[in-house]
Trainee: 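This structure is in structure tokens; I'll ask about it shortly.
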Amino acid sequence: MSEIIKIVIDGKEIEATKGQTILQAAVNNGIYIPTLCAFDGIKPKASCRLCTVKVNGRAMTACTTPATEGMEIENNTAGINEIRKAIIEAIFVEGNHFCPSCEKSGNCELQALGYRFMMMVPRFPYSFPQRPIDATNPKLLLDTNRCILCLRCVRGLKDENGKSLFAIKHRGVHAEIVMDHEVCANISDEMAQKAMNTCPVGVIIKKEKGFDEAIGTRKFDKQPIGHEIENKFNQGGN
Amino acid sequence: MSKKITIEPVTRVEGHGKVTIKFDDAGNVEQSRLHIVEFRGFERFVQGRPYWEAPVLVQRLCGICPVSHHLAAAKALDVIVGAGTGNGLTPTGEKMRRLMHYGQFFQSHVLHFFHLVSPDLLFGVDGDPAIRNVIGVAMKHKDLAVMGVMMRKFGQEIIAATAGKKIHGTGAIPGGINKHLSIAERDSFLLGADPLNIDKMIEWAQAALDFLKDYQKKNTDFIDNFSKYDSNYLSLVRKDGALDLYHGVLRAVDANGKKVLNDVDYQEYDKYISEEVRSWSYMKFPYIIDQGKEKGWYRVGPLARLNTADFIPTPLAQKEFEIYKAYTNGKPNNMCMHNHWARLIECLHAAEMIKVLLNDPDLLSGELVTKGTKTNRGVGLIEAPRGTLFHHYEINENDQITKANLIVSTTNNNEPMNRSVNNVAKSYMNGKDTITEGMMNAVEVAIRAYDPCLSCATHALGKMPLEVTLLDANDNLIDRKRS
Ligand code: SF4
Ligand code: FES
Ligand code: NI
């Protein structure tokens with residue numbers, strides 16, 4: 001049996017299993033820590049730093065830091081939330097995020113985070129980068145204007161031979177996500193939909209789906225992001 | 001002394017425009033022009049974008065009439081996704097869109113009448129500018145102001161229930177619509193507490209119309225003779241000649257009512273309509289090719305629609321249509337201010353149509369979308385509150401838009417508005433020593449009769465003001481009015 005340890009998040013003692021990350025322990029206990037690059041089934045790599053928490057006073061990424069006995073963690077505090085808000089704003093200005101005409105609106109995690117953290121006007125200047133659209137695949141469209149380089153697609157989307165559907169080209173500020181056209185050539189509808197769902201924003205688009213979900217029925221129309229985690233805890237009756 | 005006047009910004013129209021009136025040495029109006037500061041950015045902006053974004057993207061070119069753009073774009077894309085034109089959609093798809101459209105019509109016509117026009121009627125064209133505005137109306141005629149606000153709200157709620165939001169919704173998608181109407185929504189519109197139910201709205205639409213008819217009787221000279229001139233008139237009509245604001249064939253009649261465009265398929269609009277560029281204006285001048293540049297210009301909007309249509313397919317509006325037509329002995333109506341009369345008849349028709357649709361079970365269930373064989377070109381026309389609106393898109397094999405051409409209602413009325421300005425400037429200002437604020441407002445009243453959406457015509461982002469300037473023969477500034 002796995003060993004049970006105790007950690008404290010924002011003054012509340014919770015149980016974790018040894019080997020779990022802080023993020024996993026928090027989620028299991030109905031505590032929301034915001035994330036972008038961490039995604040179900042993908043080993044976290046801490047590229048967005050949105051899950052930053054303070055562990056015994058030091059800033060760490062919750063998605064990669066293992067929980068250890070007696071850890072004191074600050075999560076939902078004004079200071080940390082301000083850092084997260086700044087990160088969200090920085091991500092917004094780095095790309096071209098025009099929510100009003102984006103079909104991912106309402107299902108977009110970045111937009112939902114903007115709302116949750118009450119982003120008004122970003123404190124940084126917009127950079128309006130020039131980025132390409134790749135529409136040549138019959139089922140998928142790639143609009144890299146909205147890419148936040150979380151790498152969820154590169155790391156989480158593979159075909160049956162284990163080949164990645166997407167790859168990263170160049171490094172640093174020139175980094176860009178590209179589609180592997182050979183791998184994607186005969187992609188199924190289900191895979192195309194999965195690819196769209198994997199992308200937290202509106203880069204990977206399943207073609208001709210468009211705005212088929214009415215306003216009011218989209219993922220974040222009624223509940224802010226993170227609510228599913230917080231709700232799970234409430235319904236758990238702990 | 002010769003002089004030139006510029007009226008800028010023209011108040012109580014939507015958008016930004018500038019009127020310049022130039023006088024000769026005898027103090028007569030030599031030339032007047034309505035300039036629109038135009039920005040055709042959107043047609044370029046959509047290039048390269050996936051086609052299904054267009055209905056949501058292009059509606060942003062106007063904060064005033066987004067629903068019309070949303071629907072015109074969706075209609076063009078219906079053709080591209082192989083759903084055919086107009087009645088190619090499922091009953092639910094077409095009827096939900098119609099409901100959205102009539103909701104928009106209703107609230108737009110109401111807004112125009114109560115907020116923008118009633119001040120001129122209640123206080124006079126040369127009334128005190130300090131009270132000649134919607135606030136003045138609210139203070140002196142509270143009941144009227146309340147009606148205006150509540151009617152507008154009702155129309156906006158219809159839009160929200162069909163498009164998902166009051167402005168800039170997403171309801172119409174290529175080949176159909178993305179939602180049904182819920183029973184709760186339907187019941188709130190049918191049975192809501194007074195005044196927010198459809199029966200009250202029909203009653204109030206009738207009351208507003210009665211108010212205007214009464215005003216016309218008491219001010220016949222002004223309403224009938226203020227800027228009247230012959231022209232061609234263009235709009236969509238249903239195949240059987242009925243007024244249809246959502247879909248139909250393209251018809252134009254001349255000043256005598258003779259058909260100069262005989263119910264043609266608008267997919268080929270560019271065979272019949274062309275746009276002339278003139279050096280002094282950014283806004284183009286559309287004309288009917290057969291008639292030539294000189295004679296081929298036409299008017300669109302309420303006045304035009306009631307000149308082209310043979311009848312209105314709802315009973316109350318049809319009754320009013322008969323009275324209205326009898327006034328000109330069945331001949332096309334050329335009186336500019338009768339736009340207001342026609343607009344309120346349409347407002348009544350829109351309310352009646354909303355009621356018919358609300359009682360239709362197709363809104364509550366049924367297939368939302370239909371698609372067929374894809375094509376690379378689609379044209380969507382719709383009768384927007386301000387007149388015929390053209391959207392034309394072409395796509396490449398990767399589903400990206402390669403070409404967009406929009407002719408907005410206000411652009412269709414470009415030449416007519418210029419004529420009206422000229423008429424009024426001449427009749428009010430010729431040979432006058434001093435040009436009063438009232439005279440300048442008269443010019444604006446003529447423009448307002450068309451309910452121009454300059455925001456839209458200029459494809460500018462958001463709302464902008466408008467200005468009138470007077471210049472002498474040597475282009476020296478005499479006066480300027482801006483608000
Ligand atoms: S395409 Fe989407 S999933 Fe891939 S890196 Fe960019 S934002 Fe992340
Ligand atoms: S979620 Fe932990 S760094 Fe991105
Ligand atoms: Ni407009």
Side-chain angles (χ1 to χ4, degrees), chain A residues 95-108 111 115 126 128-146 178-179 181 184-185 187 189 192-193 195-196 199 201-222, chain B residues 42 45-61 63 66 69-70 73-74 77 80-83 93 96 100 159-182 185 368-369 371 374 395-402 461:
Chain A
N96 298 313
H97 298 280
F98 305 129
C99 306
S101 59
C102 178
E103 61 191 277
K104 201 68 183 269
S105 191
N107 289 320
C108 172
Q111 181 192 46
Y115 280 122
Y126 284 98
F128 298 118
Q130 295 264 341
R131 302 234 192 102
I133 294 180
D134 180 355
T136 54
N137 183 281
K139 294 225 170 103
L140 283 178
L141 177 141
L142 206 62
D143 184 350
T144 57
N145 284 290
R146 304 160 181 158
V178 290
M179 195 185 302
H181 282 288
C184 292
I187 180 179
D189 281 328
Q193 185 61 54
M196 181 164 181
C199 181
V201 289
V203 182
I204 304 175
I205 294 294
K206 181 170 184 276
K207 277 190 169 181
E208 304 191 300
K209 179 181 163 344
F211 296 82
D212 64 350
E213 286 174 73
I215 295 172
T217 65
R218 302 168 307 182
K219 197 167 169 198
F220 303 118
D221 279 336
K222 295 228 161 73
Chain B
F42 264 85
F45 195 58
V46 298
Q47 280 176 23
R49 299 306 310 172
Y51 71 79
W52 54 87
E53 265 184 21
V56 174
L57 190 59
V58 293
Q59 64 177 339
R60 294 271 159 182
L61 67 80
H69 289 292
H70 182 60
L77 298 177
I80 284 182
V81 299
M96 279 296 280
M100 189 195 304
I159 296 171
T162 46
K165 271 166 76 188
K166 285 182 193 163
I167 54 161
H168 299 144
T170 64
I173 56 177
I177 192 91
N178 68 15
K179 75 186 289 277
H180 292 105
L181 195 70
S182 71
E185 284 164 333
L368 296 172
V369 178
K371 287 185 183 178
K374 214 149 81 184
I395 64 166
N396 65 17
E397 68 285 2
N398 295 330
D399 300 322
Q400 290 170 288
I401 295 170
T402 52
L461 304 150

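A, B, ... follow the sequence lines: proteins, then strands. Residue 1 opens every chain. Owing to the predicted nature of the structure, the values given are computational and were not obtained by experimental measurement.
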Trainee: Please classify the contact between B/Ala163 and chain A as side chain, backbone, both or neither, with a heavy-atom cut-off of under 4.5 Å.
Mentor: backbone
Trainee: Report the distance from atom CG of A/Asp143 to atom CD of B/Glu53, rounding to the nearest 0.5 Å.
Mentor: 7.0 Å
Trainee: Select one option (side chain, backbone, both, neither) describing which atoms of A/Asn145 are under 4.5 Å from chain B's heavy atoms.
Mentor: side chain
Trainee: CG of B/Asn178 to CD1 of A/Ile215: how many Å apart, nearest 0.5 Å?
Mentor: 7.5 Å
Trainee: How far apart are the closest heavy atoms of A/Ile133 and B/Arg49, and which atoms are they?
Mentor: CD1-NH1, 3.2 Å
Trainee: With a 4.5 angstrom heavy-atom cut-off, which part of B/Leu57 approaches chain A: side chain, backbone, both or neither?
Mentor: both
Trainee: B/Gln400 versus chain A, heavy atoms under 4.5 Å apart: side chain, backbone, both or neither?
Mentor: side chain
Trainee: For chain A, which candidate among B/Asp399, B/Asn398, B/Val81 shows the most heavy-atom pairs at distances under 4.5 Å?
Mentor: B/Asn398
Trainee: Does B/Trp52 form a side chain to side chain contact (heavy atoms under 4.5 Å, CB included) with A/Lys207? I'd like the steps, not just the answer.
Mentor: CA-CA 9 Å; B/Trp52 54 87; A/Lys207 277 190 169 181; 3.6 Å; yes
Trainee: Give me the atom names and distance for the closest heavy-atom approach of B/Lys374 to A/Glu208.
Mentor: NZ-OE2, 2.7 Å
Trainee: Where along residues 95-106 of chain A does a heavy atom come under 4.5 Å of chain B, listed by residue number?
Mentor: A/Pro100, A/Ser101, A/Glu103
Trainee: At their closest point, which heavy atom of B/Ile173 faces which heavy atom of A/Phe211, and how far apart are they?
Mentor: CG2-O, 3.4 Å
Trainee: Just so I understand: if I count every heavy-atom pair under 4.5 Å between each of B/Val58, B/Val369, B/Thr170 and chain A, which residue has the most?
Mentor: B/Thr170
